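Note that the structure is predicted; figures quoted are calculated from it, not measured.
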Amino acid sequence: MTISEMAEKTNMSADALRYYERIGLLPSVPRNAAGVRVYDEYFVQWIDFIKKLKASGMSLEIIIDYIQLAKMGDATYQKRKDMLAESKKMLLEKIHSLQSVVELVEYQLQNYDEQVQAETDFLLHNRFTAKSLAG
């Protein structure tokens, strides 16, 4: 399939596919006699795999490292598993952080009239008062 067909099938842009190949996320894509990339299902599977690793919280740089380790074989099995465990840890930390933010917003909603609105009014009033005094 062509790069445009691959882009459509994987829901990625052609630029992203080229970029993934250039930085080593994808193996080199074979080209036809005219120099046009020719993708097959193997590359669709690679993209699906990369998307799963991204969804697990890995950055592209870490995915590249993961792939390089995988190329080294079974000797890197534990290191790769540790990388996934680290991604899980980071995701759990993000969840905890987001939960704290949700709790803050819930508190603000419950105390809007007495606290948030009063603080908003105070800040707006003081800003305009300071401007009028300065001018």
Side-chain angles (χ1 to χ4, degrees):
M1 70 187 88
T2 65
I3 196 166
S4 59
E5 293 167 333
M6 179 70 167
E8 185 175 331
K9 185 164 188 151
T10 60
N11 199 27
M12 293 185 67
S13 70
D15 287 339
L17 292 169
R18 287 185 201 98
Y19 178 69
Y20 278 19
E21 183 182 1
R22 186 170 60 250
I23 65 172
L25 277 174
L26 283 177
S28 293
V29 179
R31 296 173 184 256
N32 64 19
V36 176
R37 289 175 175 87
V38 180
Y39 294 90
D40 59 19
E41 285 301 314
Y42 173 76
F43 292 98
V44 173
Q45 291 173 2
W46 263 105
I47 293 296
D48 287 344
F49 182 67
I50 292 166
K51 284 181 175 182
K52 287 175 189 171
L53 291 176
K54 280 181 66 176
S56 76
M58 288 186 181
S59 67
L60 294 181
E61 293 80 15
I62 291 174
I63 295 170
I64 290 169
D65 291 343
Y66 179 94
I67 291 169
Q68 293 304 315
L69 287 169
K71 289 176 181 178
M72 294 179 199
D74 291 342
T76 65
Y77 170 86
Q78 189 59 50
K79 175 66 175 160
R80 289 179 277 143
K81 192 173 178 181
D82 291 346
M83 292 170 82
L84 196 55
E86 182 63 27
S87 288
K88 178 184 175 184
K89 179 183 171 191
M90 289 175 28
L91 286 171
L92 290 172
E93 289 171 0
K94 283 182 184 180
I95 289 169
H96 177 73
S97 177
L98 288 171
Q99 186 59 42
S100 296
V101 172
V102 169
E103 290 169 7
L104 172 62
V105 172
E106 184 61 34
Y107 176 83
Q108 290 172 324
L109 286 169
Q110 291 174 358
N111 298 286
Y112 187 82
D113 292 334
E114 303 83 25
Q115 202 167 22
V116 178
Q117 181 58 41
E119 187 175 6
T120 304
D121 288 345
F122 174 80
L123 290 170
L124 288 173
H125 174 72
N126 283 336
R127 172 118 171 122
F128 292 120
T129 302
K131 269 187 168 179
S132 62
L133 292 175

Residues that Glu114 engages under salt bridge (Lys or Arg N to Asp or Glu O under 4.0 Å), provided they are two or more places apart: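 Here no residue qualifies.
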Which residues share a salt bridge (Lys or Arg N to Asp or Glu O under 4.0 Å) with Lys51, sequence neighbours left out: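 Here no residue qualifies.
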Pair listing, side-chain hydrogen bond (donor to acceptor under 3.5 Å, both in side chains) test, anchored in residues 91-109, at least two apart: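 As it turns out, the side-chain hydrogen bond (donor to acceptor under 3.5 Å, both in side chains) pairs with a partner in residues 91-109, which skip direct neighbours, are Glu106-Gln110, Tyr107-Gln115.
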Inter- and intrachain pairs under side-chain hydrogen bond (donor to acceptor under 3.5 Å, both in side chains), touching residues 10-20, at least two apart: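 Sorted result for residues 10-20: Asp15-Arg18, Tyr20-Lys54.
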Pairwise side-chain contact, Ile47 with Leu17, heavy-atom cut-off 4.5 Å (strictly under):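 A side-chain contact exists here, since the closest heavy-atom pair is under 4.5 Å.
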Any side-chain heavy-atom pair of Tyr39 and Val44 under 4.5 Å: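 No; the side chains remain at least 4.5 Å from each other.
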ILVMFWY clustering at 4.5 Å (side-chain atoms), partners of Tyr112: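 Result for Tyr112 is Val116.
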For Asp74, all residues meeting side chain to side chain donor-acceptor pair (under 3.5 Å), sequence neighbours excluded: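 With neighbours one apart ignored, the set is empty.
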With Ser4 via side chain to side chain donor-acceptor pair (under 3.5 Å) - residues at least two apart: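 Testing Ser4 for side chain to side chain donor-acceptor pair (under 3.5 Å), a comparison that skips the adjacent residues, returns Thr2.
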[X]: which residues meet the side chain to side chain contact (heavy atoms under 4.5 Å, CB included) condition with it, sequence neighbours left out?
| X | answer |
| --- | --- |
| Asn32 | Ala34, Val36, Val38 |
| Gln45 | none |
| Asp65 | Met83 |
| Thr76 | Leu69, Met72, Arg80 |

Single-linkage hydrophobic cluster Phe49~Leu84, side-chain heavy atoms < 4.5 angstrom: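 Yes, one cluster joins them.
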Qualifying salt bridge (Lys or Arg N to Asp or Glu O under 4.0 Å) pairs, either residue in residues 32-47, two or more places apart: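 Every salt bridge (Lys or Arg N to Asp or Glu O under 4.0 Å) pair that includes a residue of residues 32-47, provided the two are not neighbours, is Lys9-Glu41, Glu21-Arg37.
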Within 6.0 Å of CD in Gln117, more than 12 heavy atoms from elsewhere: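 Correct, the count exceeds 12.
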Inter-residue atom distance Ser59.OG - Leu53.CG, 0.5 Å rounding: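 Spacing of OG (Ser59) from CG (Leu53) equals 10.5 Å.
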